[in-house]
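Here the structure is a predicted model, which means the values were calculated and not measured. We count ligands from 1, going down the list as the structure has it; atoms in each ligand are counted the same way. Below, each value reflects all heavy atoms present in this structure, side chains not excepted, and no hydrogens, waters or symmetry copies.
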Amino acid sequence: MSGIKMNQMHKFLFKVYVISALMMSVAGSSKAQYINIIPYPSQVALLKGNCVLYNSQLFTNNKELSVLLQYFNEEIGLQEKNNDKPKQVIDLKIVPSSEVYGSYVLVTFEKRVAITAPDSSGLFNGLITLLQLYKSANRVNNKLVLPHLVIHDQPRFAWRGYMLDESRHFFGKQIVKELLDWMAFYKLNRFHWHLTDSHGWRVEIKKYPLLTTVGGKGNFTDSMASPAYYTQEEIHEIVEYAKARFITVIPEIDMPGHATAANRAYPTFSGGDAPGYPAFTLDPANEETYAYLTGILEEIRSLFPSGIIHIGGDEVAFGIAAWEKNPGVAKLMAANQMTDLNQVEHYFLRRIGDSVLKFSNYLMCWDEAVSAGLPVGNTYISWWRQNKPESLNEAISKGYKVVLCPRLPLYLDFVQDSTHRSGRKWDKKYNSYLDIYHFPENSIAADLSNKTNILGLQGNLWTETVISKKRLQYLVFPRMASLAEAGWVASSAKDDSHFNTRLKAHLLFYDEKNIYYYNPFHPDQHPEPVDVNGH
Ligand code: TNX
């Protein structure tokens, strides 16, 4: 059957199924308990009967998915030993259509499953839905009983991101891989990796080895901790691991502020000391600073095929007073008719931006950079300051593409319950799993969310207070599930009680993997792990 016909057939079947599903709504609602999918698909039509699988094997015409087959088959464990001829097939097929990137159609038949999509990311998403169905299915003598259904699904936002700060505390590749597994499980597809900041430089740069041997030393709670960082080989391994799960990795090299660790390694490029913020910035007036940073960013580009490099640009104000005392800065300002330091900051960003865009497709910056004059067509803005709606509006009106990651409710270093002691709050406000679930409707971005400038959303885990894997898990779970649902479903489809039901099933998945999560239904189940300072 040709691809187009197949697609038409699915559309036709879907209509029939919706009608029959409506006619059997009672049976449908009792069966709905099987369907513990997060994020919930756009349309689920339940049919009479079941799909029974006992010796199935994935089959695909898509090479990009073949890496996943082994993982999937292991996770499910349906293969009968010594039986290399499967009797049932799970068929994954690319079928060209005009549906949104990442969309798919999944049909469970009596003894087989078919997933079709216009692109491989859609097939992957369909496969993840199947994996979640499998995990909640009834198992009878090594047979899996799934509901008989048709799912039509598509994401609300293209960018469904999660950010990890490994500068303040370093977690290492095992923890990162586990996070990538969970991101994949939740159809999150952008991993923003904050690899440098004041407390440690975490990525090997061959041209400047002291960045890691000296700059990699210490962390937020222990300035004497031995150097911890990723070698280029390890970066490569993680990027590949992410790619196999349809996750794009975006590295961040934060500048010109948050640069203390880099300046420890190469003090000649430091912008000087400001009260409370020694060596926080890079020197914008030293020509060699630009050659140095360009060399670093070129190596970064070669490590990350995403072609997007995040250059930070946040909170430069903390350390900018140092520039007042820098005679080079005064000269630079005079030569370029600049009247304040903010213009120097923007000059720095534009120069780095020009260099980066010679070898990279896109730049990314925190929203302070929105007025720096960076090229609109190749710059993405991360809007994080929920108290600065004007910054979001400026980005949109100038035509920048924006990723929404406002502190409230998308910062995962914020506490998630009023009784929690460790982690941040903002005017006594904190980020519960339901606050995240209701984003962006509960924010000033609500009206903007249909604009094509909004690429999507992202949850950010800053790690000043994250001293252990246990605490990391506690902050991430179950809020990663809320984030996934916020990134995927239409606002009209949100329903707290439906989400809670599915989330309860997912808490059991966390138990299976020994995840130390916050249980919003039984907060005492896992006590809050506090950071060393207990704040
Ligand atoms: C602000 S968000 C920062 C980070 C901190 C975070 C703590 C951003 C661009 N800068 O450096 O870790 O707050 O919540």
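Evaluation of the side-chain contact (heavy atoms from CB on, under 4.5 Å) rule for H192 yields M163, E252, H310, W366, Q458 as partners, not counting sequence neighbours. Listed by chain and residue number, H420, K425, Y430 satisfy the side-chain contact (heavy atoms from CB on, under 4.5 Å) test with V415 (two or more places apart in sequence, or in another chain). Residues passing the side-chain hydrogen bond (donor to acceptor under 3.5 Å, both in side chains) test with T196: none are found, sequence neighbours excluded.
Among protein residues, R168, H258, D314, E315, W366, W384, Y411, D413, R424, W462, E464 come within 4.0 Å of ligand 1, judged on heavy atoms.
Inter-residue side-chain proximity for V476 and W182 is flagged as unmet; no heavy-atom pair is nearer than 4.5 Å.
Proximity of a side-chain donor or acceptor of K494 to a complementary backbone N or O of F439 within less than 3.5 Å is detected. A donor-acceptor pair under 3.5 Å links the side-chain atoms of Q416 to the main chain of Y474, judged by distance alone.
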